[in-house]
Amino acid sequence: MNEAYRVKQTKHWFIDLDRADSEQKLKEAARIIADGGTLAFPTETVYGLGADARNTQAVERIFEAKGRPSDNPLIVHISEMSQLDEIVLPYADDAKRLMERFWPGPLTIVLPVRPGAISPRVTAGLPTVAVRMPAHDIALRLIAASGCPVAAPSANRSGRPSPTLAEHVREDLEGRIDGIVDGGPTGVGVESTVVELAPGGVNVLRPGGVTPAQLQSIVTKVTIDPGLDRAMNIAVQPDASAPAGADAELPAAAHSAAGESPAAPRSPGMKYAHYAPRGVMRIVRGAAPEQVTAWIQAALDAAMQRGERCGVLAFDEHATAYRADLVVSCGSVHALEEAAQRLYAALRSFDEQGITYILAEACPEDGLGLAVMNRLIKAAGHRVVQL
Ligand code: TXA
Ligand code: MG
């Protein structure tokens, strides 16, 4: 990215809704969106970078600031149901029931777009628009005060881990956007679940804060998009028996099968490398925890011998077993809400410490574990060692 682009004066607001000055600050910050600028703000999932979804120039500023590929559409955020009818065409009853149960909340629903209501830069020319109502009072009040539907991808430079603190937004976007609202840490920590409607239910395009089991409680049929499923299950290093081999690249066939997106992803965002720390990262997966721990330590020892700065992303159950330059725990493997909350900050901490070689323990893909593993696999560029 062209560093000469860092020319904007980024304004900052620290907003605490319990304080009397919050109303005035919200008004000033919302003005940025209303005037066609770019504003980062907290949601319950991750910080978003918002702009008026109807204003093509404003939306282009989001893509420029993030360095985001233009064929990847954005989520539109609303603060009340009346806004929805202005931007979408009539939709199925299942969608209505999902909204009643999960909005405001971390569920994004892909709906037929009302022609002309939203900039085509937001939808990347698709006949659909992804919409959600965030469960965060600052976000809801900013959207309401801005008076428009707000297009907002995560407020990180494209390819970097999503921001769960305003500090992360500053690291990536200071000088590239018009304003940042600091409302403290986000809650869920991974992005919203993205679903499209399918016969009898929904198809999950991106796992996130709402789990498949939660969706299943509202609609009859929940499928995981085959593209997503494949992307999570291929890409294993076939001969993982010798830790010394851990620094070898994946065989070309496995790598390209993994790195390339499965045919025609339904959610364009699925095909991009994401969330990646700067060091080379691998996930180590195996049925026996002791075997995983032993394999990781042997590989770390070999890497340290070669002069790598080594990091481990582990769970509390095994974190103390490792010797490395940086060991970060994502909490208990039995409390994956915590892993979701901590994951992106953990990935950033490897960069802060100059870590060049990272091994991560896998977690079960149940509940929020599906979203956590999905993000981990992307962060690792699909490098998975299967023991
Ligand atoms: O939690 C979140 O969803 C955060 C916060 C800021 O709200 N936002 C977020 O936005 O993650 P973004 O732009 O980083 O991710 C949008 C995802 C991408 O995977 C994109 O491909 C998909 O939603 N998407 C957007 N519009 C779509 C559409 N019309 N059809 C299918 N997928 C779509
Ligand atoms: Mg993102």
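Just follow the structure's listing: the first ligand is 1, and inside any ligand the first atom is 1. Note: hydrogens, waters and symmetry copies are ignored here, and every other heavy atom, side chains too, is used.
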Measure from the side-chain N and O atoms of Q83 to the backbone N and O of I87, and report whether any donor-acceptor pair falls under 3.5 Å. no

Nearby protein N/O/S atoms (those under 2.8 Å) for the Mg ion (ligand 2), with water ignored: S154 OG

Is there a donor-acceptor contact under 3.5 Å from the side chain of N203 to the main chain of A198? no

E174 side chain vs E171 backbone, donor-acceptor pair below 3.5 Å: no

Is any N or O atom of T128, backbone or side chain, closer than 3.5 Å to an N or O atom of ligand 1? yes

To atom 12 (P) of ligand 1, the nearest of A130, P153, A151, P134 on a heavy-atom basis is P153

Taking atom types as modelled, is there a side-chain donor on H318 or Q297 under 3.5 Å from an acceptor on the other? no

Which of the ligand 1 atoms, numbered from 1, are nearer than 4.0 Å to a heavy atom of N72: 18 (C), 20 (C), 21 (O)

Looking at E44 and R132, is there a salt bridge between them, counting it only when a charged N and a carboxylate O are closer than 4.0 Å? yes

Here's one to test your reading of the geometry: is the NZ or CZ of R306 within 45 degrees of the ring axis of Y357 and under 6.0 Å from its centre? yes

Indicate, with yes or no, if the rings of Y344 and Y275 have centres closer together than 6.0 Å. yes

Using a plain distance cutoff, I'd like to know if E191 has any nitrogen or oxygen under 3.5 Å from a nitrogen or oxygen of ligand 1. no

Return yes if some donor-acceptor pair links the side-chain N/O of R285 with the main-chain N/O of L387 below 3.5 Å, else return no. no

Here the gap from H168 atom NE2 to L347 atom CG, rounded to the nearest 0.5 Å, amounts to 10.0 Å

Nearest non-hydrogen atom to atom 15 (O) of ligand 1 belongs to which of H77, K66, R206, R132? R206

Would you mind listing which atoms of ligand 1 come within a distance below 4.0 Å of any non-hydrogen atom of L126? 28 (C), 29 (N), 30 (N)

Indicate whether the side chain of S332 and that of E317 have a donor and an acceptor atom separated by less than 3.5 Å. yes

Selected option - heavy-atom contact closest to atom 8 (N) of ligand 1, from G48, G209, A152, A40: A152

Counting from 1, what ligand 1 atoms have a heavy atom of V110 closer than 4.0 Å? 30 (N), 31 (C)

Which of the numbered atoms in ligand 1 are below 4.0 angstrom from a heavy atom of R68? 12 (P), 13 (O), 14 (O)

I'd like to know whether ligand 1 has P106 as a neighbour, heavy-atom separation below 4.0 Å. no

